Protein chains: 2
Amino acid sequence: MRNTKQKNLVLEIINNSCNHLTAEEIYMECKKVIPNISLGTVYRNLNHLVESYKIIRIKMKDNIDRFDKNVIHSHVICSECGKIEDVMFDFIKKLPIIKDYEIMNYDLIFNGICKKCKEKEN
Amino acid sequence: MRNTKQKNLVLEIINNSCNHLTAEEIYMECKKVIPNISLGTVYRNLNHLVESYKIIRIKMKDNIDRFDKNVIHSHVICSECGKIEDVMFDFIKKLPIIKDYEIMNYDLIFNGICKKCKEKEN
DNA sequence: CCTCTTATTAATAATGATTACTAATAAGAT
DNA sequence: ATCTTATTAGTAATCATTATTAATAAGAGG
C-alpha cells in the first residue's frame, strides 16, 4: 500500500471531523484541497483505509455508508430521522473468544427513537 | 398493516430458516409457494417486518442485506470470505439507558477471520 | 540522483440492489 | 354486501458503488 496525498487527505478529513461523513461529503471536503480529485479515488481509499483498520465503516439503513475514526466506541441511530451519534461507553470490555474465529473488532449499533422524534409522535 | 399471504410467507420462511437469507433467496423460496410473487413485494414486506421488529436486517459489506429471526443474538462475519454465523451469547445483558434516546434493540457484529481463511493465508 | 516496476489516479462507463410507479386486487372495517 | 385503501404484480427508474483504462507517480534498487 503506497502513500499518496489523496489517501492521506481522506484519512485526515475523517480524523479531523466530529461527524459521520458520507463518501460524497468526504469527496466535497477533498475537492477544497485537491480540486480535480475523483470520486472513485475517494471510494477506493475509503475501502483501503477500512481494510487496514485506519477508519471504520458504518452501514446505514438508507444504504449510504458513513465513515468514522477508528476509536473504540458505539453508535446510536434514530430509526425515525436517521440521526447518528456516538456512544462513548465500553459495553464490551475486551474482544471475546469465538470458536474458529480470530476477532479483530466489532460494530455495535443501538437502534431507538430520539427525543425530537418522540415529541413529534405525541 | 394488513395481513396478506405474501407477508406471512416471507415471515414464515425467515423464521423456519437457519441461514441468513438475502432478499433474492427469500424471493426464490416464496416462488415455490406463490409462483407469481413479485420481487418488489418481497422487498416491501421485508421492510415492513423489520420496521415492526418481527425480523432483523443485517447490513453486509457487499451491500446485499440479509434477514434473520428477531431473537437476541449477535453475529460474527469473516472479513475475508464474508461468511456470517450466529453468536449465541449475551454480551449486553440489558438495553442501556442513553441520554435523549428510547432504545429498542441493538445490532452487534464481530469482525474477524475464520479458521479456513486463516489457514489459506499460511 | 536515475531507472523501473506497478500501485494509484482522473475520468467515465457500467453494475445491480433496492425503490418507485401504476392499474388491478383483496384485506377487513362498517 | 359494500366501501375504503393498503397491498400486489409487473415493470421502469434510481443511485451508491464498482469497474475500466490510459496516464501518472510512489518508492525500491541500483
Side-chain angles (χ1 to χ4, degrees), chain A residues 1-14 19-52 54-68 77 79-82 84 107, chain B residues 1-14 19-52 54-68 77 79-82 84 107:
Chain A
M1 183 147 88
R2 285 178 186 170
N3 245 356
T4 65
K5 60 177 197 276
Q6 290 88 344
K7 186 177 295 171
N8 292 335
L9 178 58
V10 169
L11 180 57
E12 194 189 341
I13 286 167
I14 293 169
N19 300 322
H20 305 86
L21 303 172
T22 63
E24 195 71 37
E25 287 167 345
I26 293 163
Y27 173 56
M28 298 310 271
E29 281 302 308
C30 283
K31 282 177 90 162
K32 292 178 185 172
V33 181
I34 305 172
N36 74 328
I37 195 171
S38 177
L39 180 57
T41 296
V42 171
Y43 270 105
R44 188 168 6 77
N45 281 317
L46 286 170
N47 286 340
H48 284 174
L49 291 166
V50 168
E51 280 161 26
S52 56
K54 299 264 176 54
I55 62 172
I56 59 170
R57 180 200 309 274
I58 309 167
K59 304 290 299 180
M60 304 285 286
K61 295 228 166 68
D62 63 2
N63 287 330
I64 305 175
D65 291 0
R66 289 172 177 272
F67 298 89
D68 198 1
I77 301 178
S79 317
E80 207 65 34
C81 65
I84 175 170
D107 302 320
Chain B
M1 184 146 88
R2 285 181 185 168
N3 246 357
T4 66
K5 60 176 196 271
Q6 290 87 344
K7 183 176 295 168
N8 292 334
L9 179 57
V10 169
L11 179 59
E12 193 189 342
I13 286 168
I14 292 169
N19 300 322
H20 305 84
L21 302 172
T22 64
E24 195 70 37
E25 287 166 345
I26 293 162
Y27 173 55
M28 297 310 270
E29 282 301 309
C30 283
K31 282 176 91 163
K32 292 178 184 171
V33 181
I34 305 172
N36 74 327
I37 195 170
S38 177
L39 181 56
T41 297
V42 172
Y43 271 105
R44 187 170 5 80
N45 280 318
L46 286 170
N47 286 340
H48 283 176
L49 290 166
V50 168
E51 280 160 26
S52 56
K54 299 265 177 53
I55 61 172
I56 61 170
R57 180 199 309 274
I58 309 167
K59 304 290 299 182
M60 305 285 288
K61 297 227 165 68
D62 63 4
N63 288 328
I64 304 175
D65 291 359
R66 288 172 176 274
F67 298 88
D68 198 0
I77 301 178
S79 317
E80 207 65 36
C81 65
I84 175 170
D107 301 321

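The structure displayed is predicted, hence computed values, not measured ones. Chain naming here is simple, since letters A, B, ... match the order of the sequence lines and numbering starts at 1 in each.
Contacts of A/His48 classified as ring pair (Phe, Tyr, Trp, His ring centres under 6.0 Å), with partners at least two apart in sequence or in another chain: none. Checked against side chain to side chain contact (heavy atoms under 4.5 Å, CB included), B/Gln6 has the following partners two or more places apart in sequence or in another chain: B/Thr4, B/Ile34, B/Ile37, B/Thr41, B/Asn45. For A/Asn19, there are no side chain to side chain donor-acceptor pair (under 3.5 Å) partners two or more places apart in sequence or in a different chain. In this structure A/Leu39 satisfies the side chain to side chain contact (heavy atoms under 4.5 Å, CB included) test together with A/Glu24, A/Tyr27, A/Tyr43, sequence neighbours excluded. Residues satisfying the side chain to side chain donor-acceptor pair (under 3.5 Å) criterion with B/Lys32, sequence neighbours excluded, are B/Glu29.
Contact annotation: the side chain of B/Ile58 never approaches that of B/Asp107 to less than 4.5 Å [non-hydrogen atoms, C-beta and beyond].
For DNA chain C, the contact window with chain B, defined by any atom under 4.0 Å from a protein heavy atom, covers C/dA17 to C/dG28 in 5' to 3' order.
Within residues 22-37 of chain A, the residues approaching DNA chain C are A/Asn36, A/Ile37, by heavy-atom distance under 4.0 Å. Of all the residues in residues 54-68 of chain B, B/Asn63 reach under 4.0 Å from DNA chain D with at least one non-hydrogen atom. Contact check of residues 38-47 of chain B against DNA chain D (heavy atom, cut-off under 4.0 Å) returns B/Ser38, B/Thr41, B/Arg44, B/Asn45.
Sequence order on DNA chain D of the closest nucleotides to A/Arg2 and B/Met1 puts B/Met1 first from the 5' end.
Within the structure, no pair that satisfies the salt bridge (charged side-chain N to carboxylate O under 4.0 Å, His left out) test touches residues 33-44 of chain B, not counting sequence neighbours.
A distance-only check finds no donor-acceptor pair linking the side chain of B/Lys61 to the backbone of B/Gly82 [under 3.5 Å].
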Look for any protein N or O under 3.5 Å of an N or O in nucleotides 28-30 of chain D and output each such pair with its distance, or none.
none

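When the local axes at the two ends of the helix from C/dC1-D/dG30 to C/dT30-D/dA1 are compared, using 5 base pairs at each end, they differ in direction by 60° after rounding to 10°.
Partner of A/Leu46 under the side chain to side chain contact (heavy atoms under 4.5 Å, CB included) criterion, chosen from A/Asp65, A/Ile26, A/Leu21: A/Ile26.
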